[in-house]
Asker: 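Let me begin by handing over the structure; questions about it come next.
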Amino acid sequence: MRAIWKYIWKRVLYVIPTLVGLSILIFILSRVLPGDPALMAAGPNAPKWVVEQIRHQLRLDKPLWEQYYYWLVDLFHGDLGYSTYTKRSVTADVIEYLPASLQLIFMAALFEIGGALALGIIAGRYAYRLPDNIVRVIAYIGISVPSFVWGLLFQLVFASLIPLFPTHGMYSYGTVPPPRVTGFSLIDALIAGQFDTFVDILWHMVLPAFALSLGAMAQDARIIRAGMVENTEKEHVSLVRAYGIPERVIFSKYILKPSLVPAVTVMGMDIASLLGNAFMVELIFQWPGFSRYGINVMLNKDINGIVAVVLVIGILFAIANIIVDVVVAYLDPRIGRRSQ
Amino acid sequence: MSAMLALKEWLKTIEIKKKWYNFSRSPLSLIGLAISLSTIIMAVFAPWIAPYPQHAGFFTDFAHAKQPPSWQHWFGTDEFGRDVLSRTIFGFRYSLMMAAVVLSLVVPTGVILGLIAGYYRERWIGKVIMRIADIFIAVPPLVLALSVCSLLTPSAFHAMMAVSLMWWPWYTRLLYNITSSVKEEYFVYAAKVTGASSFHIMFKEIFPNAMGAVLTKVTLDVGWVILLGASLSFVGLGAQPPTPDLGTMVADGAKFLPDYWWISMFPALAISYVILGFNLLGDGIKDAFEG
């Protein structure tokens, strides 16, 4: 147990300089690239002194290193700067919008893992037979069709033509949102005891989460399938079979479990695609989350907002990757031992 | 220049016929090749293939707006009365051009940096390059590309620049991994002993070993870059209307869902078609090199 914590600690120490580097990169890009954020925030008809005031407020009249220094000082006080888009602190925006996105991405990840396991196991079990070929075709389609196309397609087919699911938003018309406690509307609904609202939110999440998960699901299914085919042919599998170990045990312990290691390893990349694709999917389904907020700050050239969006996603991505590494180390003890 | 020489030598050594035999045995790879070639042909000859080439840019014919698919307009017409099929065919141009520009910028940069970083792995230069590459990889490529596009004025050209800025580290990583392992091989020591320069060792001894992996990655990346470009313009931070960019067309047409589904769905299918083609082709090339 202590070894795991040491491993996590080492990963955290490694990732911190990278995140600092990322903050410097996006900070410099946001200040150096052409275009005037102050002018953009003030609007085209604003008098000159208003623009100057906003410029002063954003500290754009100071040298670059000083801007970064004060930004960093503010960051340690939990302040990510003033948003010219929402006219308040970016920190408040992050707290308001992030939980909705995390909730969606979490559900997408559940779909992804479940779907990838099901498809991968079917394909691996019936390798080179009809189910395998069907899964292969599904996987190629899943990888090739962008998530925003899935989103529009699902919206068209399962919300408009066949009204099974709502087309957009988080609540049905007339539903009262639960009082905000954690920010995660699902949890808040449970805390408030509004079970109908809970189901309603889940219902609104199905299509966006599924659209979000399909690409990564297809990729993982293929990896699980490949691993299973490879492990089925291993000699130790024949050996345990000769011992008379039940087929069920052979399957789960000697074929499936080692096949999951490469699948979990690429999950770091899958999370990248979930975080990235959430931008389009939240836009399509008008999900009130962090990614849609990200698009809005970007379209409004809100520099503090943009820096915060990139950094928060960088941090989420880093955390996710550390979790993935720990799970891999758990599934394949050799890796954990090697790192010590 | 040395890259071209390396390419020539490499083509001699890889037994192209055997690779083609491996490749052509798989029907999926051949389908991938056919799809990829068809999109390239459509992109190159768009003005001759498209039934209404003048509909690609500024053009309005409100009398024929939002017509469903018919024999005159196979994919229907959009809100300005433009032929969706013609615009989709021109859309392949923008998608493939994006991939070509991005990859021709990114592959040489990433490869050279990766060779240097792998070759001087223990020295500060190698470490610095890899740490910088790590920073660019620390966030999903789409997110950083979106931010850069938004900070610049959104346009097709800026989208290409933004994606290029995000994409080089993947090649640096690939080459770094290959170089760090290949440099321990005996033929590299032999070259060193005979007094070959570091430049020679990197490009003539080590690089040919990475060609297969680079070629596979380039082919697969055509699909990924097209996807990224389409995502950027879908959000409104890439190519701007009236450019017949597939992502822009999907986003514009989405406003008319569900009644006028053809305006957005056919360009959406076209994006999937290109990506599918290059994915199948890339996998085919990978299998041909491994098999």
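Note that this is a predicted model, so its numbers are computed, not measured.
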Asker: For L146(B), is it the side chain, the backbone, both, or neither that has a heavy atom closer than 4.5 Å to a heavy atom of chain A?
Answerer: both
Asker: Using heavy-atom distances under 4.5 Å, tell me whether L22(A) contacts chain B through its side chain, its backbone, both, or neither.
Answerer: both
Asker: Flag the one option from L269(B), L142(B), I135(B) with the top tally of heavy-atom pairs under 4.5 Å to chain A.
Answerer: I135(B)
Asker: Which residue out of I132(B), V235(B), I137(B) racks up the most heavy-atom pairs below 4.5 Å with chain A?
Answerer: V235(B)
Asker: Between chain B and chain A, identify all donor-acceptor pairs below 3.5 angstrom, including backbone and side-chain atoms.
Answerer:
unit_1	atom_1	unit_2	atom_2	d
R131(B)	NH2	Y14(A)	O	3.0
R131(B)	NH2	T18(A)	OG1	3.1
D134(B)	OD2	Y14(A)	OH	2.9
L151(B)	O	K301(A)	NZ	2.7
D283(B)	OD2	Y140(A)	OH	2.5
D283(B)	OD2	R222(A)	NH2	2.8

Asker: Can you tell if the side chain of I141(A) reaches within under 4.5 Å of the side chain of L276(B), non-hydrogen atoms only?
Answerer: no
Asker: Select one option (side chain, backbone, both, neither) describing which atoms of A251(B) are under 4.5 Å from chain A's heavy atoms.
Answerer: neither
Asker: Under 4.5 Å from any heavy atom of chain B, what part of I284(A) do you find: side chain, backbone, both or neither?
Answerer: side chain
Asker: Which region of L25(A), side chain (C-beta onward) or backbone (N, CA, C, O), has a non-hydrogen atom less than 4.5 Å from a non-hydrogen atom of chain B, or is it both or neither?
Answerer: side chain
Asker: Can you check whether I303(A) reaches L151(B) side chain to side chain, under 4.5 Å on heavy atoms?
Answerer: yes
Asker: Taking the side chain as every heavy atom from C-beta outward, state whether I271(B) and F148(A) have any atom pair closer than 4.5 Å.
Answerer: yes
Asker: Looking at L152(A), I143(A), L275(A), which one has more heavy-atom pairs under 4.5 Å with chain B than the rest?
Answerer: L152(A)
Asker: Heavy-atom distance under 4.5 Å to chain A: side chain of L152(B), backbone, both or neither?
Answerer: both
